[in-house]
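These notes are about the structure you will find just below.
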Amino acid sequence: MAAKINSFSHFLNSGSLRQLIVSSSSKNSIVFGGFPATTQTIFPPLRTRTRFDKIISKEIPSTIVYEDGKVLAFRDINPQAPVHVIVIPKFRDGLTKLGKAEPRHSEILGHLLYTAKMVAEKEGILDGFRVVVNNGPGGCQSVYHLHLHVLGGRQMKWPPG
């Protein structure tokens, strides 16, 4: 019997953590946002929690642009364009960076890109925007929780780096 968890913040506020731990210890499966999960993927160890984990759990405030059971999109606090939105998966499941992606991540990776398109449409930049993924130190990644930058509202330059 799988426990179905649709909203991370609802889950945190529902007091269901104890039930989840009991269920996972009895080898029942857990489904979070439509994806198989464990207490480890939903609640990373405190020492590895990122700013984005804290934004998901509403410990750090953000200006949310879009949210569903799988992803969260919010305005960047240091925008590099008139529109600069960050899109993240609600649970990492090992996706600290794109270079860690595995075949099992295909669905969430596609959903992240589709969400970037929806954000661009909502922000009125569908005719011209850029999606950026920084990967690792050489790619200037600063938060090790896979995330997409949706940038627009001005003419983008090439080459970007």
Side-chain angles (χ1 to χ4, degrees), residues 1-77 83-126 129-135 141-152:
M1 180 82 154
K4 186 151 174 93
I5 303 162
N6 292 315
S7 165
F8 188 79
S9 57
H10 170 76
F11 175 73
L12 286 177
N13 296 325
S14 71
S16 300
L17 177 59
R18 182 183 171 105
Q19 180 182 350
L20 173 64
I21 292 171
V22 169
S23 294
S24 66
S25 66
S26 63
K27 300 194 187 288
N28 288 341
S29 63
I30 302 164
V31 178
F32 180 73
F35 295 101
T38 65
T39 53
Q40 186 71 10
T41 58
I42 294 173
F43 296 101
L46 291 178
R47 70 182 183 284
T48 63
R49 291 186 71 220
T50 68
R51 284 181 277 180
F52 294 167
D53 292 312
K54 292 175 183 177
I55 289 171
I56 292 166
S57 66
K58 310 297 192 258
E59 294 171 63
I60 295 176
S62 65
T63 304
I64 296 173
V65 174
Y66 176 83
E67 181 174 13
D68 65 24
K70 300 173 186 176
V71 299
L72 180 68
F74 54 93
R75 298 204 186 282
D76 194 296
I77 61 170
V83 174
H84 188 167
V85 176
I86 304 294
V87 182
I88 60 174
K90 285 191 169 180
F91 71 99
R92 283 182 278 163
D93 190 27
L95 280 173
T96 54
K97 58 184 180 177
L98 187 57
K100 297 274 188 176
E102 298 176 7
R104 66 190 169 96
H105 297 122
S106 297
E107 186 178 344
I108 190 63
L109 292 171
H111 191 66
L112 286 165
L113 283 173
Y114 183 72
T115 300
K117 178 263 183 190
M118 289 191 307
V119 165
E121 188 171 40
K122 185 175 182 177
E123 295 294 311
I125 59 169
L126 193 56
F129 66 99
R130 179 170 288 160
V131 176
V132 176
V133 177
N134 300 323
N135 188 79
Q141 184 175 3
S142 60
V143 179
Y144 283 84
H145 183 130
L146 178 67
H147 57 285
L148 282 61
H149 297 261
V150 179
L151 301 148

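A distance of 10.5 Å separates CZ in R104 from CG in L109, rounded to the nearest 0.5 Å. Note that NE2 of H105 and NZ of K100 are 11.0 Å apart. Values are rounded to the nearest 0.5 Å. One finds the CZ atom of R51 at 12.5 Å from the OG atom of S62 (value rounded to the nearest 0.5 Å). Between atom CG of residue D76 and atom CG of residue L151 there is a gap of 8.0 Å, rounded to the nearest 0.5 Å. Atom-to-atom distance recorded for N134:CG and K97:NZ is 12.0 Å, nearest 0.5 angstrom.
In the model, T50 has no side-chain atom that pairs as donor or acceptor with a side-chain atom of R92 under 3.5 Å.
Within a 6.0 Å sphere centred on CD1 of I77, heavy atoms belonging to other residues, nucleotides or ligands number 12 at most. Other residues, nucleotides and ligands contribute only 12 or fewer heavy atoms inside 6.0 Å of the NZ atom of K54.
Counting all heavy atoms, side chain and backbone alike, A101 lies closest to L95 at CA-CD2, 3.6 Å. Between Q141 and T96, the shortest heavy-atom contact is NE2-O, 2.8 Å. When all heavy atoms of V71 and Y66 are compared, the pair lying nearest together is CG2-CE2, 3.9 Å. Scanning all heavy atoms of the two residues, the minimum distance from L148 to L112 falls at CD2-O, 3.8 Å. Across D53 and T48, no two heavy atoms sit closer than the pair OD2-O, 4.1 Å. I88 approaches L146 most closely through the heavy-atom pair CG2-O, 3.9 Å.
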- Test F129 against V83 for side chain to side chain contact (heavy atoms under 4.5 Å, CB included), laying out the working first. CA-CA 9 Å; F129 66 99; V83 174; over 6 Å; no

- Task: Apply the test side chain to side chain contact (heavy atoms under 4.5 Å, CB included) to residues D93 and E102: give CA-CA distance (whole Å), side-chain angles for both, the deciding distance (0.1 Å), then the verdict.
- Result: CA-CA 10 Å; D93 190 27; E102 298 176 7; over 6 Å; no

- Which is it for I86 and H149 under the side chain to side chain contact (heavy atoms under 4.5 Å, CB included) test, yes or no, and what are the steps along the way? CA-CA 5 Å; I86 304 294; H149 297 261; 3.2 Å; yes

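In this structure, K70 contributes its side chain and H111 its backbone to no donor-acceptor pair below 3.5 Å.
Relative orientation of the H145 and F52 rings is perpendicular, given thresholds of 30° and 60° on the angle between their planes.
Here the side chains of R49 and I56 are not in contact, with every heavy-atom distance at 4.5 Å or above.
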